[in-house]
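A note on names: the letters A, B, ... follow the listed sequences, proteins ahead of strands, and every chain is numbered from 1. These numbers come from the heavy atoms of this one structure, side chains and all, not from hydrogens, waters or symmetry mates. This one's a predicted model, so the numbers in the text were calculated from it and none came from an experiment.
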Amino acid sequence: MSRLAFSPARVGAMVARYSYLLRGSWPRLLDLMYWPTVQLVTWGFIQRFVGGAAAAGGPQGKLAVGAGTLIGAVMLWDVLFRGQLGFSLSFLEEMHSRNVGNLFMSPLRPLEFVASLMVMSLVRLALGVVPVTGLAVLFFGFNLWGLGLALGFFFANLLLTSWSVGLVVSGFLLRHGLGAEELAWSFMFLLLPLCCVYYPVAVLPGWLQPVSWALPPTYVFEGLRAVLNDGVVRTDLMVEALAINACLFAAATLAFLWFLRASRAAGTLLQMGE
Amino acid sequence: MRRIVYTGRMPAALPHAIALRALTKVYRGRPAVDGLSLDIPRGTVCGLLGGNGAGKTTTIGMIMGLILPSSGQALVLGADMATDRHRVLGRMNFESPYVDMPHRLTVRQNLDVFARLYGLADRRARIAELAADLALGDFMDRPAGALSAGQKTRVALAKALLNRPDVLLLDEPTASLDPDTADWVRGLIEADRRARGTSILLASHNMAEVERLCDRVVVMKTGRIVADGTSRDLKARFGRGTLEEVFLDVARGTGEARADAAGEARPAAAGDGATA
């Protein structure tokens, strides 16, 4: 038996566990694609309407160009939101099936568990959002992949933030049980207005802007607008976002481990479930 | 049913499979487990009895390392389960009504995942072996959530035996089984213990089961050990014919008076390695 402190084989075991679940449930697979598609179609038509209005004699320039960023922002928001959901929902599966005690009594280490949740977040994202990027090309002529290198920066930063949020939410669930389940769905929406997904940071009141700049996704959405409006890849913004993300992720990992220890101290780990 | 052949070995250097040292757990100022000290030698089966709220589940939770003690230590194979549990988790396992396995995964998938987690090199062969031992063949490819209570218990036992554990914690292992299947499962536990020298801590409310399987019986009340010995010793000490009557004496608080009246040692002070 493996005595390694971190075992990729045990991470693989957990990935196999979630893969069995996805493979055995087509409604789950459908659900992964459903909302991203609805979002894309809705915002795609809004973009077409605003863009059309501008071209027909409305305010020129900024508005028309700005409308072009909406569909990209929608898809990147989905990367952030679905990335966190993919992490937190995989964790919730264990709570719903009262399997948490079995897992923490096995040789699985907490950080291996976290790694498997990160892998599943990626898998669920690939299944849910990647097909939607194809639809965006097909129906609205917007190619997210055309962002090239910048897209890699955007993805890395958004995923790191989504995992940090997923870690904190999962830790909170571990400590406080399924009564806090709604957090898994709603927590990310707290960031939606602050991360300036659909508008520039300059729109926010002055006192709120520092809060916005403390959040890595803000840099991504500003970076997206820079690429689409000005054709400039703001690597400075991406590097700053990565630095903040590294701190956030480390803090979130510590928070998860702290919640786990608090759950062991409170004696709730064994009787966790519905 | 096939004859079970086990290959696991217990290291000879460790003195006790489980050692509890003044183990205490306090919830909101109230002790759920109060200064428990207990040694369970290797290769023995120890029964843990007690009414609801006696502290059995909390004790087992601390032995598993899922609950942190307020003070004291729970040692398994020499490892402190509060701080060093990952050193021995691969050599122990448990079955408990408080946990379940993913409902939507089939029995085979569930066992496969746990076999991978325990790092079994021969996982397919081991799963096939357990499927035969526990007669899981008819429902190996059914979702775990679609099984009857008895079938679920058998699957949980298969999971508990998967890694050929040196230390096995069983919480009500036959609670939802019909008498015939329960008897068969007891036979399986006995065979496993005989073949591999498994150390077992068994919490049960089935006194006949405890009498049959356990070398030693520990009775808890309000977080303390109030009686400890072989079932024959306990029956003699309490002047009772059955272990169930002993249990009722303890539960109703008449045990100590009865033992004192019979001129016996106080139950809490009796028993090897136990202190209340």
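- Using modelled atom types and a 3.5 Å distance limit, the side chains of B/Ser70 and B/Thr24 yield no donor-acceptor pair.
- For the pair A/Ser25 (side chain) and A/Leu21 (backbone), a donor-acceptor distance under 3.5 Å is absent.
- The pair B/Lys221-B/Asp34 does not meet the salt-bridge criterion, since no charged nitrogen lies less than 4.0 angstrom from a carboxylate oxygen.
- Listed by sequence position, the residues of residues 161-169 of chain A in contact with chain B number zero, using a 4.5 angstrom heavy-atom cutoff.
- For CZ of A/Arg261, the number of neighbouring non-hydrogen atoms (other residues, nucleotides, ligands) closer than 6.0 Å is 12 at most.
- B/Arg104 CZ: 12 or fewer foreign heavy atoms inside a 6.0 Å radius.
- Inspection of non-hydrogen atoms places B/Thr57, B/Gly61 of residues 53-62 of chain B under 4.5 Å from chain A.
- Remark: of the listed residues A/Leu103, A/Asn102, A/Asn99, A/Asn102 is the sole one forming a side chain to side chain contact (heavy atoms under 4.5 Å, CB included) with B/Val99.
- Contact of B/Leu105 with chain A is made through the side chain alone, with heavy-atom distances under 4.5 Å.
- Residue pairs meeting the side-chain hydrogen bond (donor to acceptor under 3.5 Å, both in side chains) criterion with at least one partner in residues 125-136 of chain A, sequence neighbours excluded, are A/Thr133-A/Trp145.
- Here B/Met64 is the residue among B/Met64, B/Glu95, B/His103 with the most heavy-atom pairs under 4.5 Å with chain A.
- Scanning both residues, A/Arg10 and B/Arg116, for their nearest heavy atoms gives CG-O, 4.5 Å.
- No hydrogens or angles considered: nothing links the side chains of B/Glu172 and B/Tyr98 as a donor-acceptor pair under 3.5 Å.
- Residue B/Arg28 does not touch chain A at all, counting heavy-atom pairs closer than 4.5 Å.
- Under a 3.5 Å cut-off, the side chain of A/Arg264 and the backbone N or O of B/Ala82 do form a donor-acceptor pair.
- We find that B/Asp112 and B/Arg108 are not joined by a salt bridge, their nearest charged nitrogen and carboxylate oxygen being 4.0 Å or further apart.
- Looking at A/Arg23, there are no atoms closer than 4.5 Å to chain B (heavy atoms on both sides), in backbone or side chain.
- Taking each heavy atom of A/Leu159 and A/Ser121 in turn, the nearest pair found is CD2-OG, 4.2 Å.
- For B/Pro143, no part lies near chain A; criterion is any non-hydrogen pair under 4.5 Å.
- Heavy-atom neighbours of chain B within the stretch residues 76-84 of chain A, taken at a separation under 4.5 angstrom, are nonexistent.
- Here the shortest heavy-atom pairing between B/Thr106 and B/Asp141 reads CG2-O, 3.5 Å.
- No donor-acceptor pair under 3.5 Å is formed between the side chain of A/Ser90 and the backbone N or O of A/Leu117.
- A distance of 10.0 Å separates OH in B/Tyr118 from CG in A/Leu108, rounded to the nearest 0.5 Å.
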